[in-house]
Engineer: 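One structure is given below, represented as structure tokens, and several questions about it will come after.
Just so you know, ligand 1 is whichever comes first in the structure, and atom 1 is the first atom listed for that ligand. Numbers here simply count residues along the sequence, with the first being 1.
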Amino acid sequence: MQTFNNTLKKLAKVKNLNYKLTSNEKDLDSLFKILSKPQRIIKVSLPFKKKDGKLQLIEGYRIQHNNFLGPYKGGIRFSKEVDEDEINTLSLLMTLKCSLVGLPLGGAKGGIKIDPKKLSSLELELLSREYVRKIYDFIGPDKDIPAPDINTNSQIMDWMIDEYLKLSGKNTKNKSHLLATFTGKSINRGGIEGREEATGKGGEIVLELLIKRLNFKKPLTVAIQGFGNVGYNLAKFLAIKNYKIIAISDSKGGIYSKDGLNPELVMECKKERGMISGCYCRGSVCDFKKGKEITNEELLRLNVDVLIPSALENVINLHNANKIRAKIILEMANNPITDEADEIINKRGGIIVPDILANSGGVIVSYLEMIQNINKEKWKKEKVFDRLFDYLNEAVDEVWQIHERYNINFRNSSLIVAIKNLLTKIR
Ligand code: GLU
């Protein structure tokens with residue numbers, strides 16, 4: 001699937017809406033032309049020795065989409081699915097995401113085409129360092145700031161910043177400033193409190209703000225697809241806020257319980273077994289009555305108040321869009337709904353909270369980490385989450401105003417806000 005072109009299609013729809021909202025059509029045309037191509041594509045080959053001693057060349061990317069609002073920003077993922085089209089699409093989403101939430105940052109994305117689960121810790125480290133050597137010239141606190149994404153974490157960011165600082169030389173005067181070249185680092189390597197949970201926390205804040213405005217009454221039922229860092233942390237935050245999480249899955253399948261699941265117990269079992277499937281009725285998870293195993297596809301089709309795809313792209317598509325019954329879909333994954341599916345769900349009156357709003361908590365706290373590094377400060381988690389709330393509250397407010405005033409869905413209202421902010425830089 002050509003996801004970049006598909007995402008441009010979503011964007012093209014708001015171009016017509018934007019004509020009504022802006023007086024300067026020429027600028028709008030120029031901006032859309034600029035956004036339709038990334039500014040720079042860095043493609044690298046990473047020499048990598050397998051256990052049998054054979055050399056393999058692994059494909060890596062850093063795509064810098066746009067820097068009108070500030071230095072490029074975005075995660076690095078390790079996955080077998082990585083290709084230019086995917087990274088390109090995600091870099092465009094980063095440009096829009098940073099603009100929507102008012103960060104002085106542009107958009108980029110990186111990726112290495114590998115299944116990290118098949119690598120040892122040492123192999124992962126060597127690959128991470130090699131990647132940094134290849135993209136070194138193009139990154140830095142004022143150029144491009146990578147971060148974690150799918151299958152990457154603070155350990156990988158620590159190796160990367162370590163390699164970056166090594167290459168920058170021992171005599172670097174302003175080391176603290178250079179630390180801001182990577183975000184999502186571990187706390188003792190200059191990371192910020194709360195970054196690990198930030199995307200999940202952001203999802204909770206956005207959902208809470210919107211359901212209040214939409215007059216939804218709790219308890220609301222929730223199904224979560226994907227139980228990595230984002231899905232797990234969000235589940236924990238939602239459980240505290242009186243949402244009933246009735247289904248959770250990972251790539252191998254999931255479990256369902258009408259009475260609600262405890263995310264921490266599910267995580268305990270997942271850690272023990274290596275997957276969620278099979279967790280129903282094992283140990284303490286069995287405390288929940290009336291439960292059963294379900295497939296990922298069954299989870300997506302549950303009649304819940306809130307459906308949360310928080311794993312991969314395009315999981316809601318032409319094949320299942322008609323079967324999706326959730327009232328609200330909170331896009332914690334990037335691009336989980338295809339353009340065609342988006343139309344079908346909108347026609348049925350389903351409410352979609354788009355990725356660029358729902359999962360922006362990660363990059364917002366990444367920005368706070370940069371500020372912390374540059375100012376040589378150490379922030380408490382409470383302060384981090386307060387600032388996160390302020391950013392999201394303002395973004396939701398702007399999106400809501402457009403949604404109400406022009407009767408435009410949340411995806412398009414969010415895109416309009418993002419475009420409006422980018423337009424200010426076009427002259
Ligand atoms: N990978 C995250 C995202 O897609 C975070 C990016 C960042 O912190 O730069 O938004």
Side-chain angles (χ1 to χ4, degrees), residues 3 7 61-67 69-79 81-82 86-112 135 139-141 143-154 156-157 160-161 179-186 190-192 194-203 205-206 226 228-231 233-234 309-313 330-336 353-373 384 387-388 391-392 395 414 418:
T3 52
T7 310
Y61 296 90
R62 184 72 186 167
I63 300 190
Q64 299 176 326
H65 180 262
N66 185 282
N67 64 354
L69 294 170
Y72 303 104
K73 182 88 191 84
I76 299 169
R77 61 173 57 181
F78 286 6
S79 128
E81 318 307 326
V82 161
E86 185 197 51
I87 301 299
N88 213 352
T89 309
L90 295 164
S91 71
L92 162 63
L93 287 183
M94 286 309 300
T95 299
L96 297 167
K97 194 183 299 184
C98 292
S99 175
L100 165 63
V101 295
L103 297 175
L105 296 168
K109 201 78 172 196
I112 299 182
I135 63 166
I139 58 175
K143 288 189 210 164
D144 183 356
I145 305 102
D149 197 75
I150 290 181
N151 289 332
T152 49
N153 56 18
S154 58
I156 292 177
M157 294 307 113
M160 290 190 172
I161 188 65
L179 266 184
T181 303
F182 286 86
T183 59
K185 306 177 290 287
S186 67
I192 193 165
R195 176 62 185 82
E196 180 98 12
E197 306 105 293
T199 311
K201 183 72 191 169
I205 294 172
V206 170
N229 171 33
V230 176
N233 281 303
L234 177 57
S310 68
L312 299 173
E313 288 113 81
L330 184 72
E331 292 190 325
M332 293 308 288
N334 285 314
N335 241 352
V353 187
D355 43 11
I356 57 172
L357 181 62
N359 72 26
S360 60
V363 72
I364 294 171
V365 174
S366 272
Y367 175 60
L368 302 178
E369 182 175 334
M370 290 172 65
I371 300 181
Q372 182 195 258
N373 289 151
V384 174
R387 292 291 304 274
L388 173 63
Y391 273 101
L392 288 172
S414 302

Engineer: For residues G361 and L388, report the shortest heavy-atom separation together with the two atoms involved.
Structural biologist: CA-CD1, 3.7 Å
Engineer: Give the C-alpha distance, both sets of side-chain angles, the deciding distance and a yes or no for side chain to side chain donor-acceptor pair (under 3.5 Å) between K109 and N88.
Structural biologist: CA-CA 7 Å; K109 201 78 172 196; N88 213 352; over 6 Å; no
Engineer: Under the side-chain contact (heavy atoms from CB on, under 4.5 Å) test against M370, which residue among L179, V365, L103, T183 passes?
Structural biologist: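 With M370 as partner, L179, V365, L103, T183 yield a single side-chain contact (heavy atoms from CB on, under 4.5 Å), made by T183.
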Engineer: With a 3.5 Å distance limit and no angle check, can you tell me whether T152 reaches the backbone of I76 through a side-chain donor-acceptor pair?
Structural biologist: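 Yes.
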Engineer: Do any N or O atoms from the side chain of N359 and from the backbone of M332 form a donor-acceptor pair under 3.5 angstrom?
Structural biologist: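 Yes; at least one donor-acceptor contact below 3.5 Å.
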Engineer: Under 4.5 Å between any side-chain heavy atoms of E313 and P336, yes or no?
Structural biologist: no
Engineer: In order of chain and number, which residues sit within 4.0 Å of ligand 1 by heavy atom?
Structural biologist: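 If the criterion is a heavy atom under 4.0 Å, then ligand 1 touches K73, G74, G75, M94, K97, K109, A147, P148, D149, R195, N334, G362, V363, S366.
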